[in-house]
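Below is one structure, written out as structure tokens, with a few remarks after it.
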Amino acid sequence: MDIRIDRESAVPIYLQISSAIRELILSGTLPEGFRLPPERRLAAALGVNRSTVLSAYHELKAGALVDAHVGRGTSVAPRPGAAARVGAVRPLPWRQFVRDGAMEMQDPLLRDLLALAERQDVTTFSVGLPAAELLPLDAVRAVVEELAGTVGPQMLLHSPTEGVTQFREALGELMTARGIQRSAAEVLVTSGSQQGLDLAARVFLSPGDAVVVEEPSFFGAIQVFRRAQARLLGVPADRDGMRTDVLEALLARQRPKLIYTLPTFQNPSGAVMSLERRHHLLELAYRFQVPVLEDDPYYDLRYEGEAVPPLAALDPHGYVIYLSSFSKVLFPGLRVGWLAGARPAVRQLALAKQAMDLHSSTAGQFLLDRLVRGDRWQKHLETVRSEYARRRDAMHTALAEEAPAGVSWTRPQGGFYFWCRFPDHVRQSQLLARAAQQRVSYLPGDACFPDEPPANHLRLNFTFPPPEEIRPGVARLMTALRASARKPDGDRRRGEATPPIV
Ligand SMILES: Cc1ncc(COP(=O)(O)O)c(C=O)c1O
């Protein structure tokens, strides 16, 4: 079998092997019943691990291209046509139709976490949601009534791809309050910031292009960049945000297409990039001519301390594409966010959006337009800021009192998360399942690193769970943590099965 492996490719080797064999089967080169080489032999021939070949064979089996039988090895399955002739229609092997690389996106861990968040009996620290009970439903009711009488059916029709004009103007004003000077014409309304990330990846990235991301970074962005088959260049971040000295050294060697950063109340670490580093980062972007994607959904959620201007407010040269969203302060379910930047960039992003979903929800934009203008917005911000500060303090106290020695965290000045580090003798692989048994969920830190995660971390959200659940939830999580610690004679437990998460 002629199988060529490209070790530089972003496509994992097992997928390269499975697609090469798939080609050979579909072209008829390998006939029905043909016995594929034993995994060990093929692995030796290709110079890869046996587990890589095993994964490739699994992939082919999932696509119904091969059959595997104990003792008889793996052989090419009968062709769909053969079965059809005898009257049975074989199930369509959908995995075969999914383009190469796309399967990498599937992360069962995150899927399990979302399933867990649905359960009523679980204290959910894993998601990044606002408190449901603080959403201003009365204001929504009043605004919908108002809109029905004034805007009428127009709020339920199509709207421009760039966004409803008056709403874009309101966003311009909202950004002015953050120090960002962008006119309505430089704004594109998006279906959440997540779409802004996806649009940026579609417009700017080709497979193999490099993107700078903080370590740790927002896992939703890491997924988007991976899906675009980009190379992720991690730059460590500390309490003052991205280490721009490391970025400088990196830019001297590499030419990334984008620098992705979350300077304010970073997800997951909660860090705020210092003003000095913000200036340094922009200086580097200008010197090396790299656009900056600034993700800023938490700007308004500061509970103490002085605001630091967004990068977009410090950038007179139009290098920054600014993303923000209403998902953290108001309604994640409306799926309304926005981006703003230099016109040529926004134009391309709008064209990509048009192909994707024509425009974001018209009704959602009219609704938010009314909500963000005037007193309602300020009142709501005051409510959530004071309540989230209270919950943040409740979680800080609970951690201080319940966490065993060796667990560390930073009390965030704003945003949604505590980023905790736990000792190495805690078995990460056991912790998530033990926490689920304790009816508590968190986001494992691994998901937030582009490469090998350096140490044991977890992210805890404090805004979504009801305040009275925070303390007992943290206590149960710490029980799970203690139960996951490796015993001094750790070997005795080796081989113990990891309990299922859900
Ligand atoms: C940093 C960051 N960017 C983007 C998003 C996506 O938010 P949206 O609901 O606006 O798509 C989130 C949500 O968790 C986030 O934390």
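- Residue P450 comes nearest to R226 through the heavy atom pair O-NH2, 2.8 Å, listed as atom of the first residue, atom of the second, then distance.
- Sorted by first and then second residue, the salt bridge (charged side-chain N to carboxylate O under 4.0 Å, His left out) pairs with a member in residues 125-135 read E133-R391; sequence neighbours excluded.
- Interatomic distance, I259 CD1 to I321 CD1, rounded to the nearest 0.5 Å: 12.0 Å.
- With W409 as the partner, the side-chain contact (heavy atoms from CB on, under 4.5 Å) test is satisfied by one option alone out of H396, R421, M395, H457: H396.
- A search for salt bridge (charged side-chain N to carboxylate O under 4.0 Å, His left out) contacts involving R439 returns nothing, not counting sequence neighbours.
- A donor-acceptor pair under 3.5 Å is absent between the side-chain atoms of Y388 and the main chain of G415, judged by distance alone.
- Defined by atom type and a distance below 3.5 Å, a donor-acceptor pair is missing between the side-chain atoms of K328 and T463.
- How far CG of D357 is from CG of L199: 8.0 Å, rounded to the nearest 0.5 Å.
- At a threshold of 4.5 Å between non-hydrogen side-chain atoms, the residues L334 and F326 do not count as touching.
- Side-chain contact between R411 and Y303 is absent, with no heavy-atom pair separated by less than 4.5 Å.
- Side-chain atoms of R168 come within 3.5 Å of backbone N or O of V187 as a donor-acceptor pair.
- The two residues G128 and R459 come nearest to each other via the heavy atoms N-NH2, 3.9 Å.
- Taken from CD1 in I470 to CZ in R390, the straight-line distance is 8.5 Å, to the nearest 0.5 Å.
- The structure places OH of Y442 at 8.5 Å from CG of L481, a figure rounded to the nearest 0.5 Å.
- Q365 places no side-chain N or O within donor-acceptor distance of the main-chain N or O of F167, the cut-off being under 3.5 Å.
- Within 6.0 Å of CD in E452 there are 12 or fewer heavy atoms belonging to other residues, nucleotides or ligands.
- Every residue two or more places apart in sequence or in another chain that forms a ring pair (Phe, Tyr, Trp, His ring centres under 6.0 Å) with Y298 is listed here: F416, Y417.
- Here the side chains of R376 and V143 are in contact, with some heavy-atom distance below 4.5 Å.
- A donor-acceptor distance shorter than 3.5 angstrom exists from the side chain of Q266 to the backbone of P216, with no hydrogens or angles considered.
- Applying the salt bridge (charged side-chain N to carboxylate O under 4.0 Å, His left out) test to every pair with at least one member in residues 395-408, sequence neighbours left out, gives these pairs: E401-R471, E402-R471.
- Screening residues 207-222 for salt bridge (charged side-chain N to carboxylate O under 4.0 Å, His left out) gives D209-K257 as the qualifying pairs, with residues at least two apart or on separate chains.
- Side-chain contact between M356 and D198 is present, with heavy atoms from C-beta onward closer than 4.5 Å.
- With contacts defined as side-chain heavy-atom distances shorter than 4.5 Å, the pair L129/N461 does not qualify.
- The heavy-atom pair separating L339 from L349 by the smallest distance is CD1-CD1, 3.9 Å.
- With rounding to the nearest 0.5 Å, the separation of CG in L293 from CZ in F204 is 8.0 Å.
- The side-chain heavy atoms of L477 and Q438, taken from C-beta on, include no pair separated by under 4.5 Å.
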Tell me, with the steps shown, if F218 and L197 meet side chain to side chain contact (heavy atoms under 4.5 Å, CB included).
-> CA-CA 11 Å; F218 171 48; L197 292 167; 3.9 Å; yes
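- S217 pairs by the side chain to side chain donor-acceptor pair (under 3.5 Å) definition with nothing, not counting sequence neighbours.
- Using a 4.0 Å cut-off between a side-chain N of Lys or Arg and a carboxylate O of Asp or Glu, E382 and K379 do not qualify as a salt bridge.
- Nearest heavy atom pair, residue A210 against residue L233, reads CB-CD1, 3.6 Å.
- Side chain to side chain, T123 and E469 meet the donor-acceptor criterion of an N or O pair below 3.5 Å.
- Scanning for side chain to side chain contact (heavy atoms under 4.5 Å, CB included) contacts around L314 gives L275, R278, H279, L282, P309, with sequence neighbours left out.
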Mind running side chain to side chain contact (heavy atoms under 4.5 Å, CB included) on H280 and E248 for me, showing each step along the way?
-> CA-CA 9 Å; H280 190 203; E248 183 164 11; 3.1 Å; yes
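- The two residues F225 and L232 have their closest heavy-atom pair at CB-CD2, 3.4 Å.
- Closest approach of P412 to F462, counting heavy atoms only: CG-CE2, 4.0 Å.
- A salt bridge links D138 with R141: the closest approach of a Lys/Arg side-chain nitrogen to an acidic carboxylate oxygen falls below 4.0 angstrom.
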Carefully, step by step, assess K353 and S191 under the rule side chain to side chain contact (heavy atoms under 4.5 Å, CB included).
-> CA-CA 9 Å; K353 176 175 168 69; S191 301; 3.5 Å; yes
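- By the 4.5 Å heavy-atom criterion applied to side chains, P467 and E387 are counted as neighbours.
- Residues satisfying the side chain to side chain contact (heavy atoms under 4.5 Å, CB included) criterion with R178, sequence neighbours excluded, are L174, I180, D296, Y299, D300, P310, Y322, S324, W338.
- Judged as a side chain to side chain donor-acceptor pair (under 3.5 Å), and not counting sequence neighbours, D375 has no contacts.
- For the pair R335 (side chain) and G192 (backbone), a donor-acceptor distance under 3.5 Å is absent.
- Considering only residues two or more places apart in sequence or on other chains, D240 meets the side chain to side chain donor-acceptor pair (under 3.5 Å) condition with none of them.
- Remark: N456 CG to L431 CG distance equals 8.5 Å, nearest 0.5 Å.
- Between V189 and V164, every side-chain heavy-atom pair lies at or beyond the 4.5 Å cut-off.
- Remark: S361 pairs with A363 by the side chain to side chain contact (heavy atoms under 4.5 Å, CB included) rule, at least two apart or across chains.
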Start with the C-alpha distance between L156 and T362, add both sets of side-chain angles, then the distance that settles side chain to side chain contact (heavy atoms under 4.5 Å, CB included), and finish with yes or no.
-> CA-CA 6 Å; L156 297 168; T362 311; over 6 Å; no
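- Applying the side chain to side chain contact (heavy atoms under 4.5 Å, CB included) rule to R302 yields the partners F265, V272, A307, V308, Q413; only residues at least two apart in sequence or on another chain are considered.
- Taking the charged nitrogens against the carboxylate oxygens, R277 and D238 do have a contact shorter than 4.0 Å, which makes a salt bridge.
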